[in-house]
There are 2 protein chains.
Amino acid sequence: MDALVTWIDERGLKPGDRLPPERDLTAALKVGRSSLREAVSQLSALGVLEARIGSGTYLKRRVTPGTHYMPLTVTADGLAEALLMTLEVRRGIEIEASIAAARRRTADDIVRMEVALNEMESAHKTEGGSGKADFAYHMTIYDAAHNPLFRQLLEQMRDIVERFWEQPFDRPDFAARSFPFHRTLFNAIRDGDAEAAAAETRKILDVVEEDIRNMRP
Amino acid sequence: MDALVTWIDERGLKPGDRLPPERDLTAALKVGRSSLREAVSQLSALGVLEARIGSGTYLKRRVTPGTHYMPLTVTADGLAEALLMTLEVRRGIEIEASIAAARRRTADDIVRMEVALNEMESAHKTEGGSGKADFAYHMTIYDAAHNPLFRQLLEQMRDIVERFWEQPFDRPDFAARSFPFHRTLFNAIRDGDAEAAAAETRKILDVVEEDIRNMRP
DNA sequence: TAACAGAATTGGTCTGACCTAATACCAATA
DNA sequence: TATTGGTATTAGGTCAGACCAATTCTGTTA
């Protein structure tokens, strides 16, 4: 696996780039196809590569020989349990991300956040809320924190939430209740007020968590 | 991969248990050895299995078909950068873990925490502090939170910290400065005072982070 | 120009042989 | 009896080659 990562790093491949076919790579790395596939399958499991049959293998995330992998496994008795588990972790992370965003946001970040916030608001007015617009707005905050770990963590947690909503029951529009706080949060981050940003995030998550607890099976 | 996880789940294997040799498992799962090895290598990368040559393959973490995997990759320009990145996330997580621990700790948890705290204190008196005793004490807190995600996250972050300390420079005893706060934190959790636990954790992490920033190369 | 069929490409699986590192076993020895 | 040390066995790791299945490319046809 290390040999493959080194090879990728040396060539300066970026996310989205395609790797050569396996049969060619074996020659370059001087290993059998089995060993190469072992590395590819491990890096795929870690979300670094994505192999598409008939098409090729693509780089999904930046890697270097110094990259550290943090594989977490969430095993709970039921999806609702897993959701509550991640939600608790998410609280801490989101609050910290808001603080970091308030401290490090650039002018560009602020523009992006406001655009996403407006889109989210109009989505709420026209169709009563869209999960995608909500998520996009949240992500602009995590990006403003300028710490890629935040984004990754939240993306992973979204996947769990998405699994959860697949369940056959009506999705209450819990986003609506936390809605009024979002513009206040935006203002706090824009003004660089870390304390206010943390407090506002806390309020939002309290509302969300309460709603989710109420809708448990 | 799913077939193997299902097989493990059906037999109720627990962490530490050994899987049958690959050549035997292929028969049970009705797949070729390549496919089985693909699954094993992926689950190994995800920290679920551990293959030891000449000995066998062992289960490291509980898995079920419903298990969700959260692979994170930390790629930064230098270890110090990675350390600061994870430290920021750690802040949020530790604070939330302290709150959860204050709410959910059992009588047993309290006993374990106090034992570990005393060991840590005596370690500090005799040899000026031991990283292991510190870590063990912290882990008792995360366990008292009764959310396995906390423990996993912190274990992963410890690995990054350990990599960092390998660097050839003297390790200042930064734990000593945060030392007085630890007993206060213990008291807060024991008394179920979530607010105080959060505040105390915040203080500890402020000190630790400050020290780490000062010692950057 | 658009739609389709077939060829080429590429990852996925299977088989079987061989390599290498742990481990278990057993006899020789102190 | 306890310990040592060599040897056979076990079990994961690697290699090679054939074949499968999904995708993509390409050239022909309507």
Side-chain angles (χ1 to χ4, degrees), chain A residues 1-63 65 67-69 71 73 159, chain B residues 1-63 65 67-69 71 73 159:
Chain A
M1 190 171 115
D2 295 334
L4 179 54
V5 169
T6 303
W7 189 93
I8 291 172
D9 184 46
E10 280 172 352
R11 265 133 259 242
L13 293 191
K14 286 173 293 186
D17 289 350
R18 210 192 80 165
L19 274 65
E22 294 181 347
R23 280 126 176 130
D24 298 354
L25 255 185
T26 53
L29 292 176
K30 289 170 191 158
V31 293
R33 202 176 158 210
S34 320
S35 304
L36 174 61
R37 279 188 59 77
E38 175 115 352
V40 170
S41 90
Q42 293 200 352
L43 290 173
S44 298
L46 291 170
V48 172
L49 297 179
E50 180 174 355
R52 288 205 284 272
I53 182 172
S55 171
T57 303
Y58 299 83
L59 187 64
K60 275 176 70 183
R61 313 194 96 93
R62 183 185 158 214
V63 275
T67 295
H68 192 93
Y69 305 95
T73 57
D159 292 346
Chain B
M1 187 169 116
D2 295 334
L4 178 54
V5 170
T6 303
W7 189 92
I8 291 172
D9 184 44
E10 280 171 352
R11 267 125 268 230
L13 293 191
K14 286 172 294 185
D17 289 350
R18 210 192 80 164
L19 273 65
E22 294 181 347
R23 280 127 175 128
D24 298 353
L25 253 186
T26 52
L29 292 176
K30 288 169 191 159
V31 293
R33 200 173 159 213
S34 324
S35 304
L36 174 61
R37 279 189 59 79
E38 176 116 352
V40 170
S41 89
Q42 294 199 350
L43 290 174
S44 298
L46 291 170
V48 172
L49 297 179
E50 180 173 356
R52 287 206 285 271
I53 182 171
S55 171
T57 303
Y58 299 83
L59 187 64
K60 275 177 68 183
R61 314 193 96 91
R62 183 186 158 214
V63 274
T67 295
H68 192 93
Y69 305 96
T73 58
D159 292 345

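Values below: all heavy atoms of this structure, side chains included; hydrogens, waters and symmetry mates excluded.
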### Query
At their closest point, which heavy atom of A:Glu22 faces which heavy atom of A:Leu36, and how far apart are they?
O-CD2, 3.4 Å

### Query
In whole Å, what is the span from the OH atom of B:Tyr58 to the P atom of C:dA22?
12 Å

## Note on the structure
A:Leu25 CG to D:dC15 P, in whole Å, measures 14 Å

Only pairs under 3.5 Å count here: list side-chain donor-acceptor contacts from residues 46-56 of chain B, not counting sequence neighbours, and write none if there are none.
residue: B:Ser55; atom: OG; partner: B:Tyr58; partner atom: OH; Å: 2.6

### Task
Go through residues 3-20 of chain A and report each residue with a non-hydrogen atom lying under 4.0 Å from DNA chain D, sorted by number.
none

#### Entry: Residues that A:Ser41 engages under side chain to side chain contact (heavy atoms under 4.5 Å, CB included), provided they are two or more places apart
B:Glu38, B:Ser41, B:Gln42

### Message
Could you work out, with side chain to side chain donor-acceptor pair (under 3.5 Å) as the rule, every residue matching B:Arg18, not counting sequence neighbours?
### Response
none

All N/O pairs under 3.5 Å across the protein-nucleotides 13-16 of chain C interface:
residue: C:dC14; atom: OP2; partner: B:Gly32; partner atom: N; Å: 2.8
residue: C:dC14; atom: OP2; partner: B:Ser35; partner atom: OG; Å: 2.5

### Exercise: identify the closest heavy-atom pair between B:Val63 and B:Leu59
CG2-CD1, 4.2 Å

### Query
Between B:Asp159 and A:Tyr69, is any pair of side-chain heavy atoms under 4.5 Å apart?
no

Side-chain donor/acceptor pairs under 3.5 Å, residues 23-32 of chain A, sequence neighbours excluded:
residue: A:Thr26; atom: OG1; partner: A:Arg23; partner atom: O; Å: 2.7

### Counterpart residues, salt bridge (Lys or Arg N to Asp or Glu O under 4.0 Å), relative to B:Arg62 (two or more places apart)
A:Asp77

## Note on the structure
note: A:Glu22, atom CD; D:dA21, atom P; distance rounded to Å ~ 17 Å

### Message
Counting only heavy atoms and a strict 4.0 angstrom limit, can you tell me which residues of residues 47-57 of chain A come near DNA chain C?
### Response
A:Ala51, A:Arg52, A:Ile53, A:Gly54, A:Ser55, A:Gly56, A:Thr57

Side-chain donor/acceptor pairs under 3.5 Å, residues 5-12 of chain A, sequence neighbours excluded:
residue: A:Thr6; atom: OG1; partner: A:Asp2; partner atom: O; Å: 2.8
residue: A:Arg11; atom: NE; partner: A:Trp7; partner atom: O; Å: 3.4

